[in-house]
Enquirer: 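Take this structure first; my questions come after.
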Amino acid sequence: MNRLQESFYTRDVLDVAPDLLGKKLCIRSEDEIYSYYISEVEAYRGEEDKACHASKGRTPRTEVMYRKGGLIYIYLIYGMHWMFNIVCAEKDFPQAVLIRGLQELNGPGRITKKLKIDSSYNGESLVNSDRIWLENGNKPDKIFTSPRIGIEYAGEPWLSLNWRFFI
DNA sequence: TCAATGATTTTG
DNA sequence: AAAATCATTGAT
């Protein structure tokens, strides 16, 4: 067992996001353990980031992002897809990483469908949970960056920031 | 290129 | 109470 500890998550989201690439996402389902390498992520950082849900302030939905790093933030988009996010930074700093892709499994909505992740995981801790956690994996050879996807509504400068990281 | 589909947020 | 929003996907 090689589980990542809380100190990994409580750093700034811009440090955590690229470090997540190549890590293993492990999930227990019916007493079988499956693991997938993370290949694509995006950083969402604070209330001033117009693309981040926390930019509108603390609401029942975004409350979990204001808590300590290492928790899971789940929410439904377009009425049909669960998005899987990892909360970062210390308490009261709303930051999260959206997991957009796993090795041989691209698309944030397809991940949660395949792994059977739903709202019951919201607020769960990757440090303590017995059904989902992260382990050290392969260090990626090279990391690419680009602007984030699907946030046209946020406007500049957020639209141009290279806060998407992928292998 | 666009319909499906629903929790959350705002009053467009 | 009603309407708009939306970090997507898959089919046409």
Enquirer: Report the distance from atom CZ of A:R61 to atom C1' of B:dG6, rounded to the nearest whole Å.
Expert: 12 Å
Enquirer: Salt bridge or not between A:E40 and A:R164? Use side-chain N to carboxylate O under 4.0 Å.
Expert: yes
Enquirer: Would you kindly say whether A:S160 and A:E156 are connected by a side-chain donor-acceptor distance under 3.5 Å?
Expert: yes
Enquirer: Whether A:R131 engages the ring of A:Y121 as a cation-pi pair (distance to the six-membered ring centre under 6.0 angstrom, angle to the ring normal within 45°) should be assessed.
Expert: yes
Enquirer: Using the C1' atom in both, what is the distance from B:dG12 to B:dT8, to the nearest Å?
Expert: 15 Å
Enquirer: Please examine the side chains of A:L134 and A:L20, heavy atoms only from C-beta on, and report whether any two atoms are closer than 4.5 Å.
Expert: yes
Enquirer: Could you tell me how far apart A:N85 (CG) and C:dC6 (C1') are, to the nearest whole angstrom?
Expert: 14 Å
Enquirer: Looking at A:F93, I want to see if its CZ is surrounded by more than 12 non-hydrogen atoms of other residues, nucleotides or ligands under 6.0 Å.
Expert: no
Enquirer: Checking side-chain polar atoms at under 3.5 Å, does A:Y34 have a donor or acceptor matched by the opposite partner on A:E32?
Expert: no
Enquirer: Using a strict 4.0 Å threshold on nitrogen-to-oxygen distance, state whether A:R67 and A:D92 make a salt bridge.
Expert: no
Enquirer: Quick check: are there more than 12 heavy atoms from other residues, nucleotides or ligands sitting under 6.0 Å from CD of A:E48?
Expert: yes
Enquirer: Could you list, one pair per line, each protein nitrogen or oxygen that sits under 3.5 Å from a nitrogen or oxygen of nucleotides 8-12 of chain C, together with the distance?
Expert:
from   : atom 1 : to     : atom 2 : distance (Å)
C:dT8  : OP1    : A:R100 : NH1    : 3.2
C:dT8  : OP1    : A:R100 : NH2    : 3.2
C:dT8  : O2     : A:H81  : NE2    : 3.1
C:dT9  : OP1    : A:G107 : O      : 3.3
C:dT9  : OP1    : A:P108 : N      : 2.9
C:dT9  : OP1    : A:G109 : N      : 3.0
C:dT9  : O4'    : A:H81  : NE2    : 3.2
C:dG10 : OP2    : A:R110 : NE     : 3.3

Enquirer: Using a 3.5 Å distance criterion without hydrogens, assess whether the side chain of A:T62 forms a donor-acceptor pair with backbone atoms of A:M65.
Expert: no
Enquirer: Please map the stems of DNA chain C, keeping only stretches of three or more Watson-Crick or G-U wobble pairs with both distances under 3.5 angstrom.
Expert: B:1-4 with C:8-11, B:6-11 with C:1-6
Enquirer: Assess whether a salt bridge exists between A:D49 and A:R148, defined as any Lys/Arg side-chain N lying under 4.0 Å from an Asp/Glu carboxylate O.
Expert: yes
Enquirer: Quick one: A:W82 CH2 to B:dT5 P, roughly how many Å, whole number?
Expert: 16 Å
Enquirer: Check DNA chain C against residues 50-57 of chain A and give the residues with a non-hydrogen atom under 4.0 Å, in numerical order.
Expert: A:A51, A:H53
Enquirer: Atom OH of A:Y73 to atom C1' of B:dA7: distance rounded to whole Å?
Expert: 11 Å
Enquirer: Quick one: is B:dT9 close enough that its OP1 or OP2 comes under 4.0 Å of any side-chain N or O from A:T59?
Expert: yes
Enquirer: Tell me, do A:L98 and A:Y44 make a side-chain contact under 4.5 Å, heavy atoms counted?
Expert: yes
